Amino acid sequence: MRIESRQEFEAAVAAARQQGADRRREVLVCCGTGCLANGAAAVAQEFATRIEADGLDATLALHAKKTGCHGFCERGPLVVVQPEGILYTKVKPKDVAEIIDKTVAKGEVIPRLLYKDPTDKKAIEHYADVPFYKHQVRVSMRNIGRIDPADLDDALAHGAYAGLARALFDLTPDQVIAEVEASGLRGRGGAGFATARKWKATRKAKGERKFVLCNGDEGDPGAFKDRSIMEGDPHAVIEGMAIGAYAVGAREGYIYVRDEYPLAVEHVNLALAKARERGLLGDNILGTGFSFDLRVSRGGGAFVCGESSALMRSIEGKVGEPRAKYVHASDRGLFDLPTVLNNVETWSDVGAILEHGGAWFAKWGTAKSKGTKAFSLVGKVKNTGLIELPMGTTLRHIIFDIGGGILKDRPFKAVQTGGPSGGCLPADKLDLPVDYEVLTANGSMMGSGGMIVMDDRTCMVDVARYFLKFLVEESCGKCIPCREGLKQMLHIFDDLVEGRGKPGDIERIERLSRGMQLGSLCELGKSAPNPVLSTLQHFRHEFEEHIDAKTCPAGMCRELTVYQIIEDPCTGCHLCTRVCPTAAIAGKPKQKHVIDPALCIACGACFDVCPEDAIRFLPKKHEGGGHAPAGH
Amino acid sequence: MPRLVIDGKTVVAKEGTFLLQAARDAGIDIPTLCEHPAVEPYGGCRLCLVDVTRPEWDGWSKMVVSCLFPVEDGILVSTRSERVTQTRKVVLDLLLARCPETPLVQELAAEHGIDRTSYVPNPEPTDCILCGLCTRICDRLGTSAISSANRGVGREIAPPFHEAPPDCIGCLACAEICPTGFIQYQSGSARRVIWNKEFKMLRCPTCGRGHITEDQARYYDGRNGVPARYFEPCDACKRKEQAAIAVSLMAAPEGR
Ligand SMILES: Cc1cc2nc3c(=O)[nH]c(=O)nc-3n(C[C@H](O)[C@H](O)[C@H](O)COP(=O)(O)O)c2cc1C
Ligand code: SF4
Ligand code: FES
């Protein structure tokens, strides 16, 4: 039924809440892309079948809910039993009966399914006590994992559209912008531009027809925060965009979703239909006379399509290629009409800001970076996944308290933040508070919030090369500095890791970087040297060793490294022979093993598993010579 | 009319023009490769970069491409600041690596003090500088028969699927506008070949010379409303008949 007044909205929310309260027991089954890949659908199905077959909805008032991503994908499928909030990890369909019989019916915990803290191996019962969740503050992801994204009433019961209702019933467009300004919200998609400023400019721009756009292209390798929001709480995006449209005077909008995100497209489309049906979108929203509608546009399938001008061309049906322009999208954006473009997370924050007020959001954060921010924490940490934290949290807290520290307790070496155009920060930067300015000042950036943690077994030259390889494929190739510059930069890095580095390479890298930064057409090319320059800034000695000594201090560049087994500590345990991918290691049980240098590809797998520290790596040219050991 | 200063010289520019034009009108030369008056500016070659500032910016300045930057009153422009020169050099050095054997590129690079590229020269030298002029002129004419394919280093100008482009009318505009002569064609009295597509020529009934393809005549007739018979006589013969044809066109402005 359409909601057509404030009273009707309040009544709809109250009814939805009551429905939730009537379900005394609830199991939340994570059905985000990660958990689905681990078999969550079968788990959810098993709950549904049993509830249906045994009439558990009546006897236990039990309801099983398929939610979006809880962020802790590596432990999935995840199940949370409510109201206690008991978290079960790696749940299989065969566990479902036991969960119902013991936990749901009798409140008994099943120790086998609990999460065990990798640091002290202790089992933790409650969701809220797990370190990965304990420290988080969720705003943009407030309802992910709590609601069923396909159930609009469930979303309403959890506060969805309360911000829109306040904006439309109580505030003028200028007051809405003032609220966003007071929140200090800045763009979550990369550059960190003040959201209210963009909105103001678009509001002021002349023209009857204006657009609001959502950037859900999320092209950074490994990033998945925007996908999680669109899949797990699509209403938050729709609500934010409706508020933005009201503020700037737009009646139309597009949600641009990366082509590889079919589940997000499905959930967003479903949410759009339901919102329209209830009068939360479309003509005469909530009976206020304000009309606004949204459409999904499927991404062009390239990283560069996330760039603002390329994204707009792509929605127009043209090739998604950046355009050089010196007019702002707020004046001439989509179809050359005034346009606001914001990231998925930015839009999701807007609804909460309007519901709770700008000051509420601004209570978190640092002087210039307010509120909370989503990060995807990956790499060599014990707990990986998607998290949201107040701005200004230190890198150390993120990596060691939430991430649980470095895998196998190896030494921390660097954290790469900001995606392919970000940079690497070394150990002495761990106590930096994460905000836009601090990251930029230290040669990295916020970007979309990617964090890749690296241990001492990482070659920083090779890390920079990895990002170059990504970008050289993703540059659109329109302008010379980016297209040809990336290609030549990659040549230089190929030489470095393969032992062909020469004196002067560092200076060549720096000069080329500067040319690309100043000369490129769009931000892709301008920021492409960031990973290179930040590794050079913080790990210059590694570059020098690759060039001068032709050695890789991390023992990772295969052309520069040989692995050997040291006789004394080797117990002949065979572990290394099992992991060696090329069968380069030979030896009888309980006798010293040897590595055949002809077969060894210097992957370091043996080094990583050896319990006796009996493997060492040496620079290739010192092979057999025994001096200058770079390892132990 | 905006007043600006370019390299110390005060210039009064026409409203709505781009900086490159204003500089040229004032006799100041800025190197370009992807700019051409027949098509919209593109901003791809990045050679026309200049530094723009204002007195109130306290020494801060921004780099823009002059082919696309609209003139503004009161700006101070430098077409040869240190960083403009350095960046231009990097760009030309990179372009020379891509096109080590292309005379136009060699000459431009030499003018900027680069005789040999400091990067790895392209093992398969090409004359295509990817300036996009050919595709833009083809779009401008409404034919859009060729376009750029692939991203990044693999980018190239090509007809769809590398086959004879179905929409090509053999007008040679792309080959004519190409600054390096990369686009090859053969054209004779009877036939013309470009992009591996063969065209029959429309022959002048007076002198027998083939001067335009049949596809062209059909295209202009269909879209631009110029009657096909306008193209029948060749230019030389036409001059003689010109007066008569002009009259006939005026009599039938819609073409047919
Ligand atoms: C190469 C490139 C890729 C980008 N990809 C994305 C993306 O996937 N998602 C996104 O929100 N912003 C992306 N951006 C940033 C957008 O251009 C734009 O700044 C952003 O969507 C604005 O929203 P915000 O102010 O809310 O951050 C990209 C920028 C560049 C240069
Ligand atoms: S900087 Fe790179 S991605 Fe951007 S326009 Fe130039 S070539 Fe394309
Ligand atoms: S002429 Fe301006 S970028 Fe090529």
Side-chain angles (χ1 to χ4, degrees), chain A residues 300-305 309-310 318-327 332 468-492 494-495 500 504-505 507-522 524-526 528-529, chain B residues 18-19 33-34 40-49 51-52 62-72 81-99 105 117-122 129-132 135 139 147-157:
Chain A
F303 174 66
V304 77
C305 290
S309 65
K318 300 179 188 147
V319 180
E321 219 167 72
R323 272 210 311 201
K325 57 177 176 112
Y326 297 101
V327 283
R332 283 171 56 189
L468 287 173
K469 274 167 91 170
F470 173 81
L471 290 168
V472 85
E473 296 289 323
E474 294 299 334
S475 153
C476 82
K478 178 171 176 173
C479 73
I480 298 174
C482 173
R483 181 188 67 233
E484 306 295 332
L486 276 166
K487 176 176 160 185
Q488 297 293 347
M489 191 74 95
L490 188 56
H491 271 311
I492 301 177
D494 284 345
D495 284 353
R500 294 185 302 268
D505 275 352
E507 293 67 27
R508 289 192 331 136
I509 291 170
E510 285 169 338
R511 192 171 46 208
L512 179 53
S513 294
R514 189 146 172 81
M516 291 171 66
Q517 288 176 321
L518 292 173
S520 293
L521 187 156
C522 85
L524 190 152
K526 284 187 207 285
Chain B
F18 294 112
L19 209 44
L33 275 176
C34 69
E40 295 277 307
Y42 182 66
C45 77
R46 318 301 291 167
L47 283 180
C48 70
L49 278 165
D51 237 323
V52 169
K62 61 178 176 186
M63 301 248 289
V64 302
V65 281
S66 56
C67 64
L68 270 162
F69 191 80
V71 290
E72 284 172 20
S81 69
E82 176 64 19
R83 59 179 195 165
V84 164
T85 320
Q86 287 308 327
T87 309
R88 217 173 259 159
K89 270 188 151 167
V90 171
V91 173
L92 281 168
D93 199 349
L94 287 169
L95 186 61
L96 189 58
R98 175 188 170 85
C99 311
V105 177
T117 178
S118 60
Y119 299 104
V120 181
N122 194 347
I129 57 171
L130 289 172
C131 63
T135 57
D139 286 341
S147 59
S148 65
N150 306 329
R151 281 200 296 270
V153 286
R155 189 178 174 107
E156 58 181 345
I157 303 298

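None of the values given here were measured: they were computed from a predicted structure. The chains referred to below are lettered A, B, ... by the order of the sequence lines, with proteins before strands, and numbering in each begins at 1.
- Nearest heavy-atom pair across B:R46 and A:P481 is CG-CD, 3.4 Å.
- Atom CD in A:E484 sits 7.5 Å away from atom CG in B:N122 (nearest 0.5 Å).
- In this structure, chain B has a heavy atom under 4.5 Å from the side chain of A:Q488, while its backbone stays farther away.
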Worked verdict on B:V153 versus A:V472 for side-chain contact (heavy atoms from CB on, under 4.5 Å): CA-CA 7 Å; B:V153 286; A:V472 85; 4.1 Å; yes
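- Both the backbone and the side chain of B:L68 come within contact range of chain A, with heavy atoms under 4.5 Å apart.
- Annotation: side chain to side chain contact (heavy atoms under 4.5 Å, CB included) contacts of A:C305 (sequence neighbours excluded): A:D217, A:Y256, A:A302.
- Looking at B:I129, the atoms closer than 4.5 Å to chain A (heavy atoms on both sides) all sit in the backbone: N, CA, C or O.
- Only the backbone of B:N150 comes within less than 4.5 Å of a heavy atom of chain A; no side-chain atom from C-beta onward does.
- Heavy-atom pairs under 4.5 Å with chain A peak, among B:C67, B:G132, B:G44, at B:G44.
- Between chain A and the residues B:V84, B:L130, B:L94, the largest count of heavy-atom pairs under 4.5 Å involves B:L94.
- Remark: A:R483 pairs with no residue by the salt bridge (Lys or Arg N to Asp or Glu O under 4.0 Å) rule, at least two apart or across chains.
- Note: A:I480 CD1 to B:D93 CG = 11.5 Å, rounded to the nearest 0.5 Å.
- Proximity to chain A involves both the backbone and the side chain of B:R151, based on heavy atoms less than 4.5 angstrom apart.
- Ranked by non-hydrogen atom pairs under 4.5 Å with chain B, the options A:Q517, A:E474, A:R511 are led by A:E474.
- When each of A:E321, A:R323, A:R514, A:K478 is scored by its heavy-atom pairs under 4.5 Å with chain B, the top score falls to A:K478.
- Without hydrogens or angle criteria, B:Y119 side chain to A:G485 main chain gives no donor-acceptor distance under 3.5 Å.
- The environment of B:E40 atom CD is sparse: at most 12 non-hydrogen atoms of other residues, nucleotides or ligands sit within 6.0 angstrom.
- Paired with A:L518 under the rule side-chain contact (heavy atoms from CB on, under 4.5 Å), one option of B:T87, B:L49, B:V91, B:D51 passes, and it is B:T87.
- Contact of B:V64 with chain A is made through backbone and side chain together, with heavy-atom distances under 4.5 Å.
- Within a 6.0 Å radius of NZ in A:K526, other residues, nucleotides and ligands contribute more than 12 heavy atoms.
- The two residues A:Y326 and B:P70 have their closest heavy-atom pair at CB-CD, 4.1 Å.
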